[in-house]
2 protein chains.
Amino acid sequence: MSTIRGARERARIEVTAAIKDEARKQLAAEGAAKLSLRAVARELGMASSALYRYFPSRDDLLTALIVDAYDAVGEAAETARATADRARPRPAPYADRWVAVAGAVREWALAHPHEYALIYGSPVPGYSAPMDTVGPASRVGMVLIGLIRDAFREDGLAVPPLAAELRAEAERIAADIAPDLPPAVAPALVAAWAQLFGLISFEIFGQFNRMVEAREQLFRQAAGELARSVGLRGSPAAG
Amino acid sequence: MSTIRGARERARIEVTAAIKDEARKQLAAEGAAKLSLRAVARELGMASSALYRYFPSRDDLLTALIVDAYDAVGEAAETARATADRARPRPAPYADRWVAVAGAVREWALAHPHEYALIYGSPVPGYSAPMDTVGPASRVGMVLIGLIRDAFREDGLAVPPLAAELRAEAERIAADIAPDLPPAVAPALVAAWAQLFGLISFEIFGQFNRMVEAREQLFRQAAGELARSVGLRGSPAAG
DNA sequence: CAACAACGAGAGCAGTGCTCTTGCTTTTGA
DNA sequence: TCAAAAGCAAGAGCACTGCTCTCGTTGTTG
C-alpha cells in the first residue's frame, strides 16, 4: 500500500520532509508571519522555484504545517491518555486523567509555541480551514470525549444542570459528538474544551506575564474545575 | 493642555487618524497579515514614503491599532458594566452583571473579528508587547476585578476553595490586582478571565463551526458558570 | 530505446517594507 | 520682519517577497 516505487518517489518524500522541517525551524525562530519560501529554499540549497513542485503556494506549506501541528498535539493528548490509563497499581480517577491530558496539551504548547499559535492563534475569519485539517484538528477533542464516555460507562457522571434554553442545542451537539452520553454533558464539554485552550492561550501568548507565576499549579487547578464541570468526580484531595 | 497650536499640528492629527482608519479598513477586509503600508498610502493618495513620517514602521502602525482595539473592547466592557449598574427597578445580581460584561466583550469581538484576532490572537512569543499596550490591555480585566470587588463589599463572596499549593501564588496575585479581596478569589478570577476569552476565541476563530449553533446561549451559560466559580451568587433561575 | 512526465534552475514580474535625497511649507526666534 | 530651523511630501532606489514561465536534464515507462 505504501511501498515506495522508485528513486524519484523516494526523493520526493525526503525533499518534502526536508522542506517542512526547515519551514518548522523558521517558524520556531521567527514566527509564521516571517516564514519565507525563498529562505527555506536558500537554506536547502535549491532554487526557490523548485520548491513550488512540492507546495503550490506558501499557504499550502502553512496548511501542511498546520496539519502536522494538529497531529502532534493530538498525539500528545492520546499518549497522555494512554499513559494515564496504564498507571499502577490502578489508573487514577477520571478527573485526574482529564487533568493529565490537559496538562499534556499545555506541555506541548509550551514546547512549540509558534506551532500552537499557528493552530489556535488567529485562523482569521474569511480563511476557512481546508478540509485536510478537520480530521487532525479534532483529535484532542476526541480524546476528551472518549475520556468522558469511558468515565460515564464505568463510574457514571455527575450530569451538570442544563438550562432550558440549551436543551435542543444539547441534544444536537450530543447527537453529533457522543450519542451515547447524556445530552446535558455535551454543552459543558464543548465549553470546557474552549476554556481549556483559553487557559493555555493566555499563558502562551503572554497574557499572564508579570501577573501569574505558578502557572502550572493554576492550570492544574482550573483544569480540575473544568473536569468537575463536565461531571467527572475527582479524587477528593485533587487540586 | 490639548489645544491645537497650528495648522500643522491639526493636519498631523487628521492624517494620523486617516491612516489608522484606512488601515483598520484593510484589516477588516483582509486581515493583519495582508495589511500593507503602500496600499494604505495609495488609498489615501499619498506617497508611501510620506507615511513613515507618521508611523516609523509597519509594526508601529499595528501597535497603534492594537492599542485602539484594546481601548475599544475595554470601553465596551465598561459601558456594559455601567449600563448593568443603572438597570431598573434595581440592578441585577452581580452574577448577571458579570455575564452582561462578558457578553459585551463577545459582541464586540463578533463585530470586529480581525481586531479581536489582533489583540487576542497570536502575539507571538519573542515579540513582547510594547509598553503602550499594557494600560489599555488591562481595561477589561479591571472591569471584572471591579465587579468582584463591589460584589464582595455589597453581598460578600462565596469564596472558592483554594488548593494548598496555590496559597502563596494567590496572595501574590491578590496583592497585585486586588489587595482588598480574599486571596482565594484571585486565582479563580485570573482563570475565569482566561477561560472567558477561550470561549470567545473559539467562536471567533471558527472552532465551533459545524458543531455549535446556539452560541450565544452556550456562552451565557458558560459565563454564568464562571461567575459562580469566582464566588458570585447568581439569581437562582439564571441561565 | 524512445516518448513522456517529473524535475531543477534561472530569469523575470509585481508587490512589499524601508531609506535617502531633493525640494517645499510652516513654525520659530533673533 | 525675515532668515534659520524644523516638519513635510514625493520620488528613486535597495533588498526582499510570492509566484510564473521557460528551458534543459533526468528518471520512468510503454
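Letters A, B, ... mirror the listed sequences (proteins, then strands); counts begin at 1.
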Throw together a table of side-chain donor-acceptor distances under 3.5 angstrom for residues 32-40 of chain B, partners on residues two or more places apart or in other chains.
residue, atom, partner, partner atom, Å
B:Ser36, OG, B:Arg38, N, 3.3
B:Ser36, OG, B:Ala39, N, 3.0

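- Counting to the nearest Å, the P atom of D:dC8 and the CZ atom of B:Arg10 are 15 Å from each other.
- Residue contacts shown for B:Tyr54 are limited to sugar-phosphate atoms, with no base heavy atom under 4.0 Å away.
- In this structure, B:Asp85 pairs ionically with B:Arg81, as a charged nitrogen and a carboxylate oxygen lie closer than 4.0 Å.
- The side chain to side chain donor-acceptor pair (under 3.5 Å) contacts involving residues 40-51 of chain A comprise nothing, where partners must be two or more places apart or lie in separate chains.
- Note on B:Arg53: a base of the nucleic acid sits closer than 4.0 angstrom, heavy atoms only.
- Rounded to a whole Å, the CD1 atom of B:Ile19 is 12 Å from the C1' atom of D:dA9.
- Here the P atom of nucleotide C:dA9 and the OH atom of A:Tyr52 are 15 Å apart, to the nearest Å.
- Remark: the B:Arg38 side chain and the C:dG15 base include no donor-acceptor N/O pair separated by less than 3.5 Å.
- Between the CG atom of A:Asp59 and the P atom of D:dC19 there is a distance of 7 Å, given to the nearest Å.
- In this structure, A:Arg58 has no side-chain hydrogen bond (donor to acceptor under 3.5 Å, both in side chains) partners at least two apart in sequence or on a different chain.
- Among the protein residues, B:Leu61 comes within range of no part of the nucleic acid, since none of its heavy atoms lies under 4.0 Å from any strand.
- In this structure, the salt bridge (Lys or Arg N to Asp or Glu O under 4.0 Å) partners of A:Asp21, at least two apart in sequence or on a different chain, are A:Arg24.
- Going from atom CG of A:Leu37 over to atom P of D:dC19 covers 6 Å, rounded to whole Å.
- Within the structure, every pair that satisfies the side chain to side chain donor-acceptor pair (under 3.5 Å) test and touches residues 134-146 of chain A, not counting sequence neighbours, is listed here: A:Asp71-A:Arg139, A:Glu78-A:Arg139.
- Side-chain atoms of B:Ser57 and B:Asp60 include a donor-acceptor pair closer than 3.5 Å.
- Contact check of residues 41-51 of chain B against DNA chain D (heavy atom, cut-off under 4.0 Å) returns B:Met46, B:Ala47, B:Ser49, B:Ala50.
- In this entry the distance linking NZ of B:Lys34 with C1' of D:dG18 reads 11 Å, nearest Å.
- When the P atom of D:dC16 is taken as reference, atom CD of A:Gln26 falls 14 Å away, rounded to whole Å.
- Here side chain to side chain donor-acceptor pair (under 3.5 Å) pairs that include residues 198-208 of chain A, with residues two or more places apart or in two chains, are A:Arg106-A:Glu203, A:Tyr116-A:Ser201, A:Gln207-B:Tyr70.
- Looking at residues two or more places apart in sequence or on another chain, you find no side-chain hydrogen bond (donor to acceptor under 3.5 Å, both in side chains) involving A:Glu115.
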Determine, for nucleotides 24-30 of chain D in 5'-to-3' order, which nucleotides have protein heavy atoms under 4.0 Å from the base (write B), from only the sugar-phosphate (write S), or from neither (write -).
--BBSS-
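- Whole-Å rounding puts the A:Glu14 CD to C:dC7 P distance at 14 Å.
- For the pair B:Ser36 and C:dG15, the criterion of a side-chain N or O lying under 4.0 Å from OP1 or OP2 is not met.
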